[in-house]
Structure formats: structure tokens, C-alpha cells
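In what follows, a single structure is set out as C-alpha cells and then discussed.
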Amino acid sequence: MTNPETPSSTNEFMKGLWRENPVFVQVLGMCPVLAVSNTAMNALAMGLATAFVLLMSNLLVSLLRDFIPRQVRIASYILIIATFVTLTDYAIEAISLDLHKALGAFISLIVANCLILGRAEAFASKNGVGNAALDALGMGAGFTLALFCLGAVRELLGAGSLFGFAVLPGGFEPWIVMILPSGGFFTLAFWLIAIRIFERRRERRQTAEALQ
Amino acid sequence: MSDSGRVLEIDSSPHIRAGHSVDTIMRHVAYALLPATAFAVYVFGLVAAVTIGVAVASCLLAEYFLTRAAGRPATLGDWSVVVTGLIYGLTLPPGLPAWMVALGGFAGVGIGKYLFGGLGYNAFNPALVGRAFLQAAFPVSMTTWLVPLGDGRFWTLPSSTLTLPFATPVYDAVSGATPLAAMKFAGETTATADLVMGLTSGSTGETSAVLLLAGGLYLAARKMLNWRIPLAILATVYLLSALVHTVAPNDYPPPGFMLFSGGLMLGALFMATDMVASPMTARGCVLYGVLIGLLVVVIRLWGGMPEGVMYAILFANAVSPHIDSLVRPRVYGTANRPGSGGSS
Amino acid sequence: MTASIDAWPMYRALVGIGVGCGLLIALVYVGTLPHIERQRAAALEQAVFAVLPGSASRRTFVFDAAGTLVADTGSDGSRVHAGYDAAGRLLGVAIEAEGMGYADTIEILYGYVPADERIVGLRVLASKETPGLGDKIETDERYRANFEALDVRLDAAGEALVNPIAVVKPGTKSNAWEIDGITGATISAQAVGNTVAASAARWLPAVRRNREALAAGGQHDES
């Protein structure tokens, strides 16, 4: 995976995708993660919408970082984020009414996703445009990946399908709990457990290698 | 091996809080449930035995694997898992596919017990967590009931029980409605005598009120069951439903029906009394019981579901630490309330 | 000596960003609006045609202040949609209704044919009923068949239904104005039936009173 030798641009991207994954490691923005990950499609759409808002807001915040005085920075960031959320809302409605209906209020709620404001405040306001974009792309990809992981498992078990196509054999009895809100909590918990176990094994192996 | 361990523990350990160790109590709880279990096998036949057997086995297996995975000492021998499995099996509808029974057992012990830290740390009753998981996952199967005393029940199994794992079950044509569902959706009440005896459709173990009561009395007499909890629950249910029935006799069932139908007896005596998930103080237990009783009546009469014992108990489990801190007496000589000490 | 805070950069930043964002939003709004409206219209049309088999065009009506139905110009009030066949003759009306289900409000659209005094189709527009149980109101063929020829005759005065719509226990439907319930989805089935009953009692007399206005809508066809 990443090591200190790699050029920093790869690093900026990879940290969001895995090492500091916004969902699996930072556990940020749980509201949309749990609420709209009931199907792979919804999860992917939500992830991409959030990634788009994140990218645009990071770009703008980074561009304007010398123009925005400290005292009004949060207000400015929120203004920028809310704008792109509104644009995304319109765009999704124009693309697909069904998708817009499925995601519902959670598109508007992207504005309250602490991940986006967090990246604007912690990274974009202190870094150049290029790095801010890479950071947003990495974090956005990490967020989308995590949502997709949840959505795929939930749709597979809860409906026996993936992206609406029946994947499991016809006799499969769907676990309805998985597409209900509680299924989101279960699935997230099991992903977190799996990733912790994986990471711990890797660390142990690395320590063992280092000792040799 | 567990035998010798058990004897040693009884003799040597100074158990301060209760007079008995976990495994003695749990063993006696299992004994107390045996009459109701045997009666369930009589009423529903072989299928009840299979359902309960798979339930116990799945809970034991889950416990075995999870203690191993977590690197903890195996707690298989202390009977608590057997009791969890037994209670869990008794709450399930007979005829539920065996693979669902096993899945719920794993979910109950895994989610309800081990995610919280294992025996002694579970915030919720694991048996009910397993059942709640199944209720949410497979609402159709969990509300399809067998008729009691069916022909040939001792040597045949309904086709649904042996459904292939993860496949949709196909039910035999004959299915019954529980007394509570009949009351809620069709406005029909069942004779209280039938309810007391347990000759109705329902979960395997919730049908015979008399035998469950006998088991509960046995435990209470041996001081292995906190009698305040079931008494508070049953009294609340009785009084509240009597009140409602008096005000509008045509709209609401009589209190006897409310008391002896559904899972109330099983829930009040054996599930609400889970030692870890219920309050520790005497006053707390009464409050906890009253809360469960209120919720049961409210859900049954005005809620969307016919039965509410499971959710009432799970909800009360969630607030039981708060109930304790609400009624905990001030320690003499200290100025403030004691801090948020551990609830287990 | 306190540094007097220079407010100008703050004004500049907030107003500048605000104006920029406002312009951007306005631009995208104008750009996407036609798409969105076209999609909404298409979705509505599809639903109306589904509950009024045979219709080829539709027109939306709302009540004006005097209680007569007039062609809609884009309001959000209670609406009915008249469906016309290819020749522009009034086939029936599709009526939107909503009622409380088991989990949340259920929104439905049903088709009413005044000539036969029957409801001929029903479609659930939005529901959050339990998958596998409550959503049988959408998937259960037998239940849906209830709404393919539901008797909703009006009395002589045209003010009330002769036989109020009633939801009965599954398998016991014996009259054309009864709705067979669904085993295992009692509450949802009841909810949809009650919603239709309440809406029909309120709307059908109004539709009868305004038959001419509705029929006239087919003459000068949709834009």
C-alpha cells in the first residue's frame, strides 16, 4: 500500500481511499451512509453526489483561501457547499426522477455532511488547488467505495439482487431487515469488524517482517 | 468436565449478590422451562422439538465460535446459553424453517451478546434480539402459525421446516391465526380457558400459561427469579386492560384475555427477568415491570402489530440502566448522587 | 491600540461568494427546469394512462374558488386528471389521493370511469410499507384485481355512493363494491381501501357535477 517513498500526490489520493477512509476509519457522515445505502444504485449515486460536492467545494475553498477572511470562513464554506448541493439536487432530478425520489431529503442533507466542511476547513483552506482536488477525489472515492460496500451487501441480502438485477437464485428468501434502517447499522458494524481484523493482521505481519 | 467445575464452584465461591452462582440459577431456569417445552412438543408435535433443538444448538455453536474468535474462556458449560437458546426457541413460531432458526440464534448471540462484550455485559436479552432480527428479516415466516393438535404431528414435519438454507419456504395450506391477531384484525376473542391451557396457535412456548406460571413460581420460590418484575408486568397489564375494557367493553378485549394470550407469560417470567438486562434495585424492578406492562397494552391495543411483548421488553432493557440511576438511593454521607457507575 | 477590524474583506468575501453562488444556482435552475418538468409530466402521464386503460391524452384540472373544475395551470392543489381516448372523448378521470398506511403516508392514483360508474385501475405512487408484507398492495395480483371493476355508483342526487366501499376479510368479497383484504398485510390493505373510499366519496360527486367541463377538455387538445 502507501509508504513514505511514494510521491505525495498518490499519497493525498490514497489516504482518503483507504488509510483515512471517511466512513470506515473516520466514521464521518453517518447519516447518509446508513440512510440511503439500501441498494447498490442508491449508494453509488449518493457517493458520487457527495464526491462531486466535495470536489467542487474543495476546489473553490482552495482557490479563494486568500480571499476569505478567517472570521467569515465557515459562513463562506457553507455558502459554497450549499450551492453545489443545490446544483446536484437539480441535476439528479433532471437525470432521474426515481433516483431523486429514492434519495429524497438526503441529497439536501449533503450540506450537513461533516466530511465536506471538515475537508474544507482542515485541508482545502491550507493547501493548493492541486492537492485540494486530489484530497477531495480520494475522500470522495473512499466515501463512494464505503457506501457501495454497504449498499451492495444490503441489496444482495435484502433483495437478492445487485443494481436491480437478480443475482441470487430464484428461491432465495430475502432478508428484509437488511433494506430496513436497522440493516444499515448491522452492515456497517460488520464491515468495520472485518476491516479492523484485516488491518490488525496486516500490522502484525508487518511487525513480524520488521523484526526479521 | 463441566460437572466437576460446577460442584466446586457451588462449594467454594462466596457469591455476594445472589445466593446462587450463574450456572446453578441457569440450570434451574432450564428445569423450570421444561414443562412448557414438553407441552409445546405435545401441542405442535415433532416440529416443536426440532425448532427448539435447532435454536439451542445454534446458540451453543455461536457461543462456541465467538468465544474462540475473541480468545475468551469458553462459557458453554454455565447453562446461560442453553437457557438463551431454549427461551429463543420457545418464542419462535413452530414450522419456521430450520435455517432461519439457526440464523436467528447466531444473530441473537452474536449481535445481542458478543458485540456488547459477552455474558454479563449484554444490554438486551439475546434471545429477544435473535427473535427481533428474524421478525424484521422474515416478517412473513415469523407470522405464519401452525394450528395446534394437528393430525400426525408426532411423526411428520411441516414442509416449511426443512426448507433448504436461504430458500423461500413453502407453507402447507393449513395455518392458524394467533388469538391476538384474531382479536386485532377480525375482532374475535378466544375463550380464556383455551388460552390458559394453551390449545391455540402461537409460538412454540407461549401457548401454555399454566405451565409457564408453574415454572415461574418454582424459580421464585427458590429465590432464583426476581418476582417483582413479572408481578409488576402482569398487574399493570391486568389493571390497564381492565380499565380500558370497562370504559369500552365492545372495542377492547377483557383483561383475562390480555393476560393469558400471546407471549406475555413467557416474556414476563423468563425474558424480562434476564438478570443482566434488568434493573438491580427493587424499586427499579417495579418501575421496569410497570413500563413493560404499559408498553404491552399500548402496542397490543393501539399499535400496528398484534403482539408487543418482545418490543416492550427490548425497550425496557434499553432504559433499565437509567431506571436504576433514577431510583438509586443516595449513599449516606455523600453530597451528590453517585456517579454513573456500571450498570452490569 | 486595538486593531480595528477591517470589515471590508469580510463583506467582499461574503457578498462576492453569495452573488456568485446565486448566479450559479439560477443558471442551473433555468437549465434543468425544462428537463425536470418534462420528466414529471411523463411520469404523471404514464401513471394516468396505466389507471385509465385506453386513454391517449390527458388534461389536469383543479377546483376554482366557485367549486367548478378548471383546466390546471400548474398549481399544486388537489388535482384530477381527465383521460381522453384518441378521438378526444372523455374516458375517465384519474384521481390522486393519500392516506396513512402502516409505515407512512401512501399516495395512490386511481382511475374512475363515470360512464360505467366504476373504478378501473389503481396505482400506488409512493409508499414505505414493509417490503414483503405491506408492499403486497402493489404486488399482490388478487388485491390489485379489486380495483379493476370496483362499483362506485352514485345515488340519484349524485351526492353520495349508493354502496360505500368496504374492505372485507381476504376471500370473502361478495359484492362489486367490496375490496378483498390481503392475508398478512391487513393494515396496508385496509389503508388503501379506506383512502379510496374517502377520496371517492368526496371527489366522485364533484366529477359528476363537472362532467361537461371535463369532457370539453378533450376538444382543444393538449399543447
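To find a chain, count down the sequence lines: A is the first, B the second, and so on, and within it residues start at 1. The structure displayed is predicted, hence computed values, not measured ones.
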Max heavy-atom pair count under 4.5 Å with chain C, selected residue of T86(A), L180(A), L87(A): L87(A)
Nearest-0.5 Å distance, CD of residue E93(A) to CD of residue Q39(C): 8.5 Å
Rounded to the nearest 0.5 angstrom, the CD1-CD1 distance for I95(A) and I36(C) is 10.0 Å
Applying a criterion of heavy atom separation less than 4.5 Å, what residues of residues 41-71 of chain A form contacts with chain C? L64(A), F67(A), I68(A), P69(A), Q71(A)
Sort by residue number and list every member of residues 13-29 of chain C having a non-hydrogen atom under 4.5 Å from chain A. A13(C), L14(C), I17(C), G18(C), C21(C), L24(C), I25(C), V28(C), Y29(C)
Using a cut-off of under 4.5 Å on heavy-atom pairs, state which of A82(A), S76(A), A91(A), A94(A) scores highest against chain C. A94(A)
Side chain, backbone, both or neither: which part of R12(C) has an atom under 4.5 Å from a heavy atom of chain A? both
Go through the atoms of L97(A) and report whether side chain, backbone, both or neither lie under 4.5 Å from a heavy atom of chain C. both
Within a radius of less than 6.0 Å around CZ of F163(A), do more than 12 heavy atoms belonging to other residues, nucleotides or ligands occur? yes
